[in-house]
Amino acid sequence: MAFLHIALVLLTTSIGVNAVLFTLENRCDKTIWSGIQASVGHPQLMEGGLELKPQQSRNVTAPKGWSGRFWGRTGCKFNVYGEGTCTTGDCGIGLYCNGASGEPPASLAEFTLDSPLDFYDVSLLDGFNLPISIFPYGDSGICPSIRCDTNLNLYCPPNLQVRGDGGEVVACKSACTAFQTPEYCCTGSFQNPNRCKPTRYTQYFKRACPTSYTYVYDDPENTYTCRETNYLVAFC
Ligand SMILES: *[C@@H]1O[C@H](CO)[C@@H](O)[C@H](O)[C@H]1NC(C)=O
């Protein structure tokens with residue numbers, strides 16, 4: 001029994017040491033609801049959703065080697081059971097996304113940890129709904145921050161705009177989502193980095209968020225040698 005007890009303590013301790021801490025912080029002036037979707041084979045964190053009041057931050061612990069994405073949802077109305085919908089980023093099943101993805105357009109913070117280094121990016125391939133940035137902290141290695149803190153909705157081209165009930169622009173579609181053509185989605189004969197190039201649409205996104213992915217073959221030119229670090233994911 002004593003041996004078993006020691007083994008359990010060691011096991012618990014090593015999980016504690018190897019866990020990764022994500023701090024989600026809402027820097028927007030409105031409440032947002034973060035969605036969290038684990039990649040296939042990884043555990044869902046916080047049942048896939050949580051509320052963040054303005055200026056609120058919350059910690060989410062992920063096991064070593066976790067892979068998945070965070071995004072923000074806006075204009076949500078949930079009842080006490082977490083049932084309801086959002087204006088942007090809605091995952092279709094309420095507050096707790098439990099593996100469901102957010103509806104585009106939604107800006108994404110994506111992570112693949114310990115493989116063997118940590119890889120992370122901000123992706124606007126599915127469009128933009130909220131500014132989102134990644135700040136590694138407590139790092140060993142070179143861990144660049146990724147800032148996408150400009151409100152792109154203010155500069156969204158008219159044919160990519162998504163408007164809310166009040167007529168305001170609440171999100172900005174990617175050209176791929178809006179037009180569904182091989183040229184913009186890098187599919188078919190454009191499934192090739194020499195043929196699928198930045199467009200005048202991706203350039204709006206690039207100007208606002210230079211270190212994010214704006215089309216499939218984009219190269220944000222960050223080098224990551226990050227490991228055993230924690231991450232602040234900031235909205236706005
Ligand atoms: C999150 O964890 C960090 C590091 O342990 C701590 O400094 C911070 O106060 C925590 N934040 C919240 C909101 O619990």
Side-chain angles (χ1 to χ4, degrees), residues 35-42 44 48 66-74 85-93 97-113 115 117-134 144 146-148 150-164 169-224 233:
I36 311 172
Q37 185 191 28
S39 307
V40 174
H42 295 273
Q44 300 304 332
W66 188 79
S67 170
R69 48 168 58 170
F70 299 83
W71 73 99
R73 291 173 285 172
T74 59
T85 56
C86 306
T87 310
T88 71
D90 190 53
C91 65
I93 55 171
C97 294
N98 275 313
S101 58
E103 187 189 343
S107 354
L108 307 171
E110 305 180 307
F111 293 86
T112 302
L113 305 178
S115 123
L117 300 168
D118 291 358
F119 294 91
Y120 51 96
D121 63 75
V122 166
S123 169
L124 304 179
L125 297 186
D126 283 347
F128 175 99
N129 68 331
L130 269 182
I132 190 168
S133 300
I134 301 173
I146 303 179
R147 274 175 182 272
C148 178
T150 302
N151 185 1
L152 202 81
N153 294 334
L154 301 174
Y155 313 100
C156 184
N159 45 0
L160 302 182
Q161 292 174 353
V162 177
R163 290 179 180 272
V169 177
V170 292
C172 190
K173 293 179 190 172
S174 69
C176 172
T177 308
F179 309 124
Q180 305 270 334
T181 60
E183 181 189 357
Y184 291 123
C185 297
C186 302
T187 53
S189 62
F190 286 87
Q191 200 173 354
N192 176 331
N194 295 323
R195 291 215 62 198
C196 203
K197 296 284 186 189
T199 65
R200 63 197 176 97
Y201 294 111
T202 66
Q203 282 161 6
Y204 282 99
F205 292 82
K206 205 67 184 176
R207 235 172 275 137
C209 299
T211 51
S212 66
Y213 278 92
T214 60
Y215 69 104
V216 171
Y217 297 110
D218 203 355
D219 179 9
E221 292 177 10
N222 275 328
T223 34
Y224 313 98
V233 176

Asker: Does anything in residues 117-126 pair up under salt bridge (charged side-chain N to carboxylate O under 4.0 Å, His left out), and if so which pairs, sequence neighbours excluded?
Answerer: none
Asker: Can you check whether Tyr204 reaches Cys172 side chain to side chain, under 4.5 Å on heavy atoms?
Answerer: no
Asker: Give me the atom names and distance for the closest heavy-atom approach of Cys185 to Gln180.
Answerer: SG-CA, 4.1 Å
Asker: Among all residues two or more places apart in sequence or in another chain, which pass the side-chain hydrogen bond (donor to acceptor under 3.5 Å, both in side chains) test with Ser212?
Answerer: none
Asker: Donor-acceptor pairs under 3.5 angstrom involving side-chain atoms of residues 154-161: please list them, not counting sequence neighbours.
Answerer:
| residue | atom | partner | partner atom | Å |
| --- | --- | --- | --- | --- |
| Asn159 | ND2 | Tyr201 | OH | 3.1 |
| Gln161 | OE1 | Arg163 | NH2 | 2.7 |
| Gln161 | NE2 | Cys156 | O | 2.9 |

Asker: Before you tell me yes or no, could you show the steps for Phe128 and Asn151 under side-chain contact (heavy atoms from CB on, under 4.5 Å), namely the whole-Å CA-CA distance, both residues' side-chain angles and the distance that decides it to 0.1 Å?
Answerer: CA-CA 9 Å; Phe128 175 99; Asn151 185 1; 3.8 Å; yes
Asker: Listing request: all salt bridge (charged side-chain N to carboxylate O under 4.0 Å, His left out) pairs with a residue in residues 185-214, at least two apart in sequence or in separate chains.
Answerer: Lys206-Asp218
Asker: Do Ile132 and Leu108 touch side chain to side chain, with heavy atoms closer than 4.5 Å?
Answerer: no
Asker: Any chance you could measure Asn194, atom CG, to Tyr217, atom OH, to the nearest 0.5 Å?
Answerer: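 Result: 9.5 Å between the selected atoms.
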Asker: Is Glu103 atom CD crowded by more than 12 heavy atoms from other residues, nucleotides or ligands, each under 6.0 Å away?
Answerer: no
Asker: Tell me yes or no: between the side chains of Thr87 and Thr74, is some donor less than 3.5 Å from an acceptor?
Answerer: no
Asker: Side-chain contact test, heavy atoms from C-beta onward, threshold under 4.5 Å: evaluate it for Cys209 versus Leu124 and give yes or no.
Answerer: yes
Asker: For the cysteine pair Cys176/Cys186, does the gap between the two SG atoms stay under 2.5 Å?
Answerer: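 Answer is no: Cys176 does not pair with Cys186 in a disulfide.
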Asker: Is it the case that the side chain of Ser174 and the backbone of Leu125 share a donor-acceptor pair, with hydrogens and angles ignored and the cut-off at 3.5 Å?
Answerer: yes
Asker: Do side-chain atoms of Asn98 reach the backbone of Gly48 as a donor and acceptor pair under 3.5 angstrom?
Answerer: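 No, because the side chain of Asn98 does not come within donor-acceptor range (under 3.5 Å) of the backbone of Gly48.
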Asker: To check you understand the geometry: which heavy-atom pair defines the closest contact between Val162 and Pro105, and what is its length?
Answerer: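 Heavy atoms of Val162 and Pro105 come nearest at CG2-CG, 3.8 Å.
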Asker: Donor-acceptor pairs under 3.5 angstrom involving side-chain atoms of residues 66-73: please list them, not counting sequence neighbours.
Answerer:
| residue | atom | partner | partner atom | Å |
| --- | --- | --- | --- | --- |
| Trp66 | NE1 | Pro43 | O | 2.9 |
| Ser67 | OG | Ser39 | OG | 2.8 |
| Ser67 | OG | Phe111 | O | 3.4 |
| Arg69 | NH2 | Glu110 | OE2 | 3.3 |
| Trp71 | NE1 | Gly89 | O | 2.8 |
| Arg73 | NE | Trp33 | O | 3.3 |
| Arg73 | NH1 | Gly94 | O | 2.9 |
| Arg73 | NH1 | Leu95 | O | 3.4 |
| Arg73 | NH2 | Ser34 | O | 3.1 |
| Arg73 | NH2 | Leu95 | O | 2.8 |

Asker: What's the spacing between Cys148 SG and Leu130 CG if we round to 0.5 Å?
Answerer: 10.0 Å
Asker: Which heavy atom in Thr150 sits nearest to a heavy atom in Ala208, and how many Å separate them?
Answerer: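 Heavy atoms of Thr150 and Ala208 come nearest at OG1-O, 3.5 Å.
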Asker: Could you give me the CA-CA distance, side-chain angles and deciding distance for Thr199 and Tyr184, then say whether side-chain contact (heavy atoms from CB on, under 4.5 Å) is met?
Answerer: CA-CA 8 Å; Thr199 65; Tyr184 291 123; 3.6 Å; yes
Asker: Mark yes or no for whether Thr112, through its side chain, and Phe119, through its backbone, hold a donor-acceptor pair below 3.5 Å.
Answerer: no
Asker: For Thr202, give me all partners under side-chain hydrogen bond (donor to acceptor under 3.5 Å, both in side chains), at least two apart in sequence or on another chain.
Answerer: none
Asker: For the pair Thr211 and Val122, evaluate side-chain contact (heavy atoms from CB on, under 4.5 Å) and give the outcome as yes or no after the intermediate values.
Answerer: CA-CA 8 Å; Thr211 51; Val122 166; over 6 Å; no
